[in-house]
Participant: 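Okay, handing you the structure first.
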Protein chains: 2
Amino acid sequence: LLSVRAAAEKPLLQVLGGKRATQVPIWLMRQAGRYLPEYREIRSSAASFLDFCYTPRLAIEATLQPLRRFDFDAAILFSDILVVPDALGQLVSFESGEGPRLAAITGASDLAKLKATVDLARLSPVFEAVAGIKAALPSGVALIGFCGAPWTVASYMVAGKGTPDQSPARLFAYQQPGVFADLIERLVDASTIYLIEQIKAGVEVVQIFDSWAGVLPAPEFDKWCFRPVQRIIAGVKAIFPEMPVIVFPRGAHLHLQQIARQSGANAIGLDSAVDPAWAAGAVQSLIAVQGNLDPLALVAGGRALDSALDSLLHCFRGGPYIFNLGHGILPETPVAHVEQLVRRVRASG
Amino acid sequence: LLSVRAAAEKPLLQVLGGKRATQVPIWLMRQAGRYLPEYREIRSSAASFLDFCYTPRLAIEATLQPLRRFDFDAAILFSDILVVPDALGQLVSFESGEGPRLAAITGASDLAKLKATVDLARLSPVFEAVAGIKAALPSGVALIGFCGAPWTVASYMVAGKGTPDQSPARLFAYQQPGVFADLIERLVDASTIYLIEQIKAGVEVVQIFDSWAGVLPAPEFDKWCFRPVQRIIAGVKAIFPEMPVIVFPRGAHLHLQQIARQSGANAIGLDSAVDPAWAAGAVQSLIAVQGNLDPLALVAGGRALDSALDSLLHCFRGGPYIFNLGHGILPETPVAHVEQLVRRVRASG
């Protein structure tokens, strides 16, 4: 009972639980990372980025670093969405300054080489990190776990890297729809299991990142984005009915109302291109919203930052709202601008 | 009178004039270009891509090439949106396989170095090409001229190249809003003059390409995309009140209804991520729509292509509609798939 009451007092969980929050909760996507000098310092302790993610001591430290500087309402596990393909046996690496590189899946035979199910032993350092973070978490701060949405993860698995519009996966899905459906199916299962294990280890909220949801035509969005995410949420909630889920379908503007109504999520993360005045009426009336300050306004700072964030706080003041960026914080963001941001959000009351 | 009657019979002009078309007009963005072997052959005739655009004989030939193969309802002037910065005196070049390179504008002093107004003498080969294309145009085929929208053109002028999300221009606009407004202002004037000269030379429709409209938050969209395009359209229509204007605000999904109602355009080009079932009710009820087959479905061909195009024709059958892609045709598109597409659109009646 005590722990339930304590949890209920965390502002992020209040909003996600449909309650009136004592303050506007704030956290930032990629709040642990390269814009922090102390992160850049520990980053060199591991040979590769994946090694870093799989070393609990380092993942714990990276996750906690931003909380020592900023009055955030959440910690988000330091990891990467591509640990799932890695734990399915696909070769994954990160080239410094170039992003991820994977042994691209080009057809059924590549898919057949993957493990039948996600290798939880491979992921055990992640769960160990979750437990370590949870134990060290400041009071009032909620711990968020996450995974990538199947479409977004699949788009990297097929392209073997990030591309301007993930067209290799879109083409693959047109040319080999059965094989692609199989890949998505495996990712639904793997992601559900992965989130459940994160929850068992201690996360209090999960977020599903669908960074490439915006590039698909409507029928493909339904098949490859909407339904798979809906199934992951149902799978998680079958085991943990009260677990709050946030979805971040970047660019899926015309599908936000459907997601709000039918995905089963508790909140939607809005990207920066979503008009907050529109979203307050059309989305926030259905579900809690999170977002959507332009990360470049945070880089710019000064009056541009103040005016953009004031406008967000004004638009979303009437309903359940979590302050965040509309995409990940950029490495070139000055730490002082994050301080300015948090101060002003707190001053808003 | 004769020429007016002939023009009115072109299916594209029928749709744009609010009349019932005798057939669904079809053309494809970037229909002249690298996917055609005959284009690749003549491309080497000019030393640089800009030289190619500025050589009337080559621009005319490239524009007409797709019309010899395909039963299209429109020709679109072969040129590039970056001739406008070139004619404003900015250094513009095209690196083979790497896209455009410009001497980036980093502040007021770079802007001050540009010409006060667009150099029409520099652009005269473009107008000469328009006249030559017009003279050679098959009957029933309409000639489309174009320019880039100020935001999209400015985003290249500031970044000096294409980037994944044109963030340099977004940051510039936050940090130096007055200078950026001045740049946008100059582009509104230059684009208006440029379109008017194209119309004088013979184009029958103009399209304004705002390929990067989708990356801006709502207040910036209004300032840098919506209002500048609205002003260009008003400027063109002040001289040529009957001239049809198509706008293509790629990614500006939540602004489509505002554009339909208030921009002054005669049609909106929809990108592939716009749900046609939604757009038929929400947009096509206000204005003619153009689009939005996924260019990757055209690369894929076969059943994926047939099913995607049938669905479009079905959704948009009840109102004014121009068949097109949702973005430019890709260089890897097989010519046979374009034949399959045109055949099937024509067979739809």
Side-chain angles (χ1 to χ4, degrees), chain A residues 162-177 213-222 251-258 270-279 282-283 291-305 307-308 311-312 315 326-327 330 332, chain B residues 162-177 213-222 251-258 270-279 282-283 291-305 307-308 311-312 315 326-327 330 332:
Chain A
T163 69
D165 59 0
Q166 301 299 71
S167 56
R170 288 156 65 198
L171 186 58
F172 186 109
Y174 284 127
Q175 292 179 323
Q176 306 183 61
V215 299
L216 291 174
E220 284 69 31
F221 176 84
D222 191 63
H253 302 158
L254 296 170
H255 305 284
L256 291 171
Q257 292 187 300
Q258 183 198 11
L270 307 172
D271 66 75
S272 304
V274 176
D275 181 358
W278 171 83
V283 184
N292 66 346
L293 184 76
D294 187 346
L296 288 161
L298 188 56
V299 174
R303 283 180 54 194
L305 172 57
S307 118
S311 161
L312 283 180
C315 284
H327 201 190
L330 293 161
E332 63 268 35
Chain B
T163 67
D165 58 0
Q166 301 300 71
S167 57
R170 288 157 66 199
L171 186 58
F172 186 110
Y174 284 127
Q175 291 179 322
Q176 305 182 61
V215 299
L216 291 173
E220 284 69 31
F221 177 84
D222 191 65
H253 303 158
L254 296 171
H255 305 284
L256 291 171
Q257 292 190 299
Q258 182 198 12
L270 306 174
D271 65 75
S272 304
V274 176
D275 181 358
W278 172 83
V283 184
N292 64 346
L293 184 75
D294 187 346
L296 288 160
L298 188 56
V299 173
R303 283 180 53 194
L305 172 57
S307 118
S311 161
L312 284 179
C315 285
H327 200 190
L330 293 161
E332 63 268 34

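Sequence lines set the chain letters: A, B, ... in the order given, protein chains first and strands last, and positions in each chain run from 1. As the structure is a computational prediction, the values presented were derived from the model and not from experiment.
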Participant: Just give me the residue among A/G326, A/P164, A/A304 that pairs up with chain B most often, heavy atom to heavy atom, under 4.5 Å.
Facilitator: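 Ranked by heavy-atom pairs under 4.5 Å with chain B, first place is A/A304.
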
Participant: When you measure from the side chain of A/Q257 to the backbone N and O of A/A282, does any donor-acceptor pair fall under 3.5 Å?
Facilitator: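 Indeed, once roles are kept as given, a pair shorter than 3.5 Å links the two residues.
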
Participant: Top residue by heavy-atom pair count (under 4.5 Å) with chain B, among A/Q175, A/H255, A/R170?
Facilitator: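 Of A/Q175, A/H255, A/R170, A/R170 has the most heavy-atom pairs under 4.5 Å with chain B.
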
Participant: Count the heavy-atom pairs under 4.5 Å between each of A/N292, A/L254, A/L256, A/D275 and chain B, then report the option with the highest count.
Facilitator: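 Max contact count across the listed options: A/L254.
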
Participant: With rounding to the nearest 0.5 Å, note down the distance linking CZ in A/F221 to OG in B/S272.
Facilitator: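 Here the rounded value is 15.0 Å.
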
Participant: Using the side-chain hydrogen bond (donor to acceptor under 3.5 Å, both in side chains) rule, take A/D271 and A/H253 through it: C-alpha gap first, then chi angles, then the decisive distance, then the call.
Facilitator: CA-CA 9 Å; A/D271 66 75; A/H253 302 158; 2.9 Å; yes

Participant: Using a 3.5 Å distance criterion without hydrogens, assess whether the side chain of B/Q176 forms a donor-acceptor pair with backbone atoms of B/A173.
Facilitator: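 Not a single qualifying donor-acceptor pair exists.
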
